[in-house]
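Shown next, in structure tokens, is the structure this report addresses.
In this chain, residues are counted from 1 in sequence order.
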Amino acid sequence: MNKKIVIGIVVTIIVIVFAVAGGVIAYRMTRDTSKPEDVLIKYVGYVNEQNYEEMYKLLTNDSKEQISKEDFITRNKKIYEGIDMTDMKIEITNVTEENSKTYVISYNQSMNSEAGKIEFENTANVIKDKELGYQLNWKSSLIFPNLSSTDKVRIKTISAERGSIVDKNGNMLAGLGTVSSVGIVPGKLGENKDENIEKIANLLGTTADSINKTLSASWVKDDTFVPLKKIQVDSIELKEQLLQIPGIKITSTKSRVYPLGEAAAHLVGYVQNITADELKANRGKGYTSTSVIGKAGLEKQYEERLKGKDGLEIYIEDSDGKRKKDIAKIDVQNGETIKLTIDSTMQSKLYNELKNDAGFFVVMEPNTGELLALVSTPSYNPNKFVLGMTSDEWNEINNNENKPMFVRYQQSYIPGSTFKPITGAIGLTTGTLSVDDTFTYNGLSWKKDGWGEFDITTLTSYSGPKNLKNALIHSDNIYFAQAALQIGKKNFTDGLNKILFNQDLNLEISTAKSQYSNSKDISNEKVLADSGYGQGEILVNPILMASIYSAFNNDGNMVKPYIIEKDNKNVEYLVKNAFSKEAANIIKEDLIQVVENQEGTAKDMRVQGRTIAGKTGTAELKGSKDAEADVLGWFDCFTSD
């Protein structure tokens, strides 16, 4: 009797409902197992349902004498649910009648598991009972061939190594490094045990109760090293204080580390243990309750590429603890190494220049778009988030009015006078402004008739014509206010829309939008005039500003900023022909004079042997003419050698 049957579902179910006094009783009946293979088909259906009690009912009496119902359910449940078994299927290849009561069924079996698809050939013995019909003669090999009653099915996870983040020269910004593990050897705490534990708790920013709870674990012996906290290797003073306490031991261990610390914290970010909510949101992506996950910066943005995929092995282990048979395996895939365009030496140097102030640096190669440094200050130490932060340390960060976790280069700001070259470039490109246009006004204040009490002021007077070049050299607000009015609102806003104002940039680093209005349009002439010199309602993101300034060095084309190193070095443009070639070169030469001219507002930025084009800017943050103003200081520049 040779048959071939493919099974993926349970046998037909019939429900019969009886009406009785006081209610309804439902009986669930299944069709008779009239052939020996039917009992195996039914059994597989119950396995898929994880209905272990019904599986047990299909066993022969002899099988039930060999294994109790409780042990049967426990064994099958642990194995099938432990490997995350789903979609079991069998293909019966042969049914052999050994005698009038015993049948041997040969079949191919497949199932999905946590380690991938499992396939094997197997056999099952079926006994025919006069009263009970066909029943399975069960043994552990029905779960997996070669599995005996004393064997165990083991699952081994091989953890993937998280990928590193490195700078353009291969220097590590985030990766596996050495940290110090502080712990206690309980038997060496001495007579003043409680006092010593209290001292340790104070130094580590924890509590004595927490330490005592750790020491009370069942595995802890007097000579056991009980780790309490990981600290940075360079925490020299803390180590010295700890080592003065009896019972303290400090060893080296491995952990995720951030060598640049505060200097690259906002850029690189940090990892921490996954939360229950994050685990739920990332179900099916290979995370477990002990996983770490990127919480900020590039660690979060490139989590999928960095985390890798854990390897998994399912195998049979015999009673002596030896591996007996491999069942399924997924090879470990370590996370990618992500190489950045960042220069860590430059990143650290710029951070140290600005670390005591609130500000940012954006450094971009103007011909290629490579971002060489992205600095935001004040900052925080990402290593503390990984190794464990005390409540005092967290409060110091969280309650700091300067917001050390705020990423300043991702925001948009009033650009002040650094915006004036943009107004000039739009005017030159649209033909609404020329290098020969001059405006007439006297003194340091000007306003148009009908503006009421509001007027526009500039800081310094100067000799010579009030033209584009001189206005840039002396940073003349009045000139650029009048220039914006002459350019006109439509040309001005069309020019800003062209260079991606009010739009998402879709870069590797997320940025706030730049804008020229708090609503949809510039509301009146006064706002338009103020916008011409970078006030009004103008806000610009500094990464976009770097791209705009690159157009002055690239014949009017704005390069596309990027931070992930790429093999293809072909230049990509964020906006081609943002300004005309002629306009870009005129602005470039004028910006060189802003630095080189003795009267230029950026003359202090001159560097011997280098040609620098740049523009300073001081943006006022005030709601009215008479208000006391905070200011933002800008300097946008590029080398032109």
Side-chain angles (χ1 to χ4, degrees), residues 362 364 369 409-434 437 456 468 471-472 475 477 479-507 511-561 573-584 586-588 590-591 615 617 619 632 634 636 638:
V362 172
M364 186 185 78
Y409 56 75
Q410 290 183 306
Q411 314 310 315
S412 291
Y413 305 92
I414 301 170
S417 295
T418 60
F419 191 78
K420 291 171 182 174
I422 299 172
T423 299
I426 291 173
L428 293 172
T429 299
T430 58
T432 54
L433 186 69
S434 77
D437 285 345
I456 292 170
L468 177 60
L472 282 170
S475 199
N477 291 345
Y479 174 90
F480 284 99
Q482 292 194 19
L485 295 174
Q486 180 170 299
I487 292 167
K489 184 175 74 171
K490 186 176 189 309
N491 287 323
F492 187 72
T493 56
D494 284 351
L496 294 179
N497 287 331
K498 186 177 182 181
I499 58 176
L500 305 183
F501 273 61
N502 304 314
Q503 298 177 55
D504 291 320
L505 302 184
N506 297 316
L507 301 176
T511 61
K513 290 181 181 180
S514 299
Q515 67 166 59
Y516 50 74
S517 173
N518 294 334
S519 54
K520 292 184 178 180
D521 202 0
I522 294 176
S523 56
N524 57 58
E525 275 192 334
K526 179 61 171 63
V527 176
L528 177 59
D530 285 341
S531 300
Y533 58 94
Q535 291 282 160
E537 297 172 0
I538 299 283
L539 297 175
V540 186
N541 171 263
I543 296 177
L544 176 61
M545 185 69 98
S547 179
I548 294 170
Y549 266 61
S550 76
F552 304 138
N553 200 50
N554 289 287
D555 295 331
N557 301 307
M558 291 166 50
V559 296
K560 183 177 182 179
Y573 293 106
L574 196 60
V575 181
K576 295 192 76 173
N577 302 313
F579 310 117
S580 69
K581 179 178 179 179
E582 181 184 12
I586 289 170
I587 297 295
K588 173 183 174 180
D590 289 350
L591 291 178
K615 186 71 189 75
L632 292 174
W634 287 71
D636 296 344
F638 56 91

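Classification of the Y549-F638 ring pair by plane angle, with boundaries at 30° and 60°, yields perpendicular. Under the 30°/60° scheme for interplanar angles, the aromatic rings of F579 and F552 are found to lie parallel.
Defined by atom type and a distance below 3.5 Å, a donor-acceptor pair is present between the side-chain atoms of S434 and D437. Between the side chains of N477 and K420, at least one donor N or O sits under 3.5 Å from an acceptor N or O.
With sequence neighbours excluded, the residues satisfying ring-ring contact (aromatic ring centres under 6.0 Å, His included) with Y479 are F439. Checked against salt bridge (charged side-chain N to carboxylate O under 4.0 Å, His left out), K588 has no partners two or more places apart in sequence or in another chain.
Side-chain atoms of Q482 and I456, non-hydrogen and from C-beta on, never get closer than 4.5 Å to each other. No side-chain heavy atom of T511 sits under 4.5 Å from any side-chain heavy atom of L544. Considering only heavy atoms from C-beta on, N497 comes within 4.5 Å of Y516 through its side chain. Considering only heavy atoms from C-beta on, I548 stays 4.5 Å or farther from L574 through its side chain. Using a 4.5 Å heavy-atom cutoff, the side chains of E525 and L485 are in contact. No side-chain heavy atom of V540 sits less than 4.5 Å from a side-chain heavy atom of T418. Side-chain contact between I487 and L528 is absent, with no heavy atoms from C-beta onward closer than 4.5 Å.
A donor-acceptor distance shorter than 3.5 angstrom exists from the side chain of S547 to the backbone of V559, with no hydrogens or angles considered. Proximity of a side-chain donor or acceptor of E537 to a complementary backbone N or O of I522 within less than 3.5 Å is not detected. Side-chain atoms of S475 do not come within 3.5 Å of backbone N or O of L472 as any donor-acceptor pair. Judged purely by atom type and a 3.5 angstrom limit, N557 uses its side chain to pair as donor or acceptor with the backbone of N577. In terms of modelled atom types and a separation under 3.5 Å, the side chain of N491 and the main chain of G488 share no donor-acceptor contact. Judged purely by atom type and a 3.5 angstrom limit, S412 uses its side chain to pair as donor or acceptor with the backbone of K513. At distances below 3.5 Å, at least one donor-acceptor pair connects side-chain atoms of N541 with backbone N or O atoms of Y409. Here the side chain of Q411 pairs no donor or acceptor atom with the backbone of A512 at under 3.5 angstrom.
In terms of heavy-atom proximity, T429 sits nearest to A583 at OG1-CB, 3.5 Å. Contact between S523 and V527 at its shortest, heavy atoms only, is OG-CG2, 3.7 Å. When all heavy atoms are compared, the tightest approach of L428 to L433 is CD2-O, 3.4 Å. When all heavy atoms are compared, the tightest approach of V575 to I499 is CG2-CA, 4.3 Å. Across all their heavy atoms, S550 and M558 have their closest contact at OG-CA, 3.7 Å. For the pair L539 and I414, the tightest heavy-atom approach, listed with the atom from each and the gap, is CD2-N, 3.5 Å.
Note that CG of N518 is 10.0 Å distant from CD1 of I538, once rounded to the nearest 0.5 Å. Distance check: M545 CE to F419 CZ gives 7.0 Å after rounding to the nearest 0.5 Å. To the nearest 0.5 Å, atom OG1 of residue T493 and atom NZ of residue K520 are 14.5 Å apart. The distance from the CD1 atom of I426 to the CZ atom of F492 is 5.5 Å, given to the nearest 0.5 Å. In this structure, NZ on K581 lies 4.5 Å from CG on D555, to the nearest 0.5 angstrom.
In summary, D494 and K498 do not engage in a salt bridge, as defined by a charged side-chain N under 4.0 Å from a carboxylate O.
Other residues, nucleotides and ligands contribute more than 12 heavy atoms inside 6.0 Å of the CD atom of Q503.
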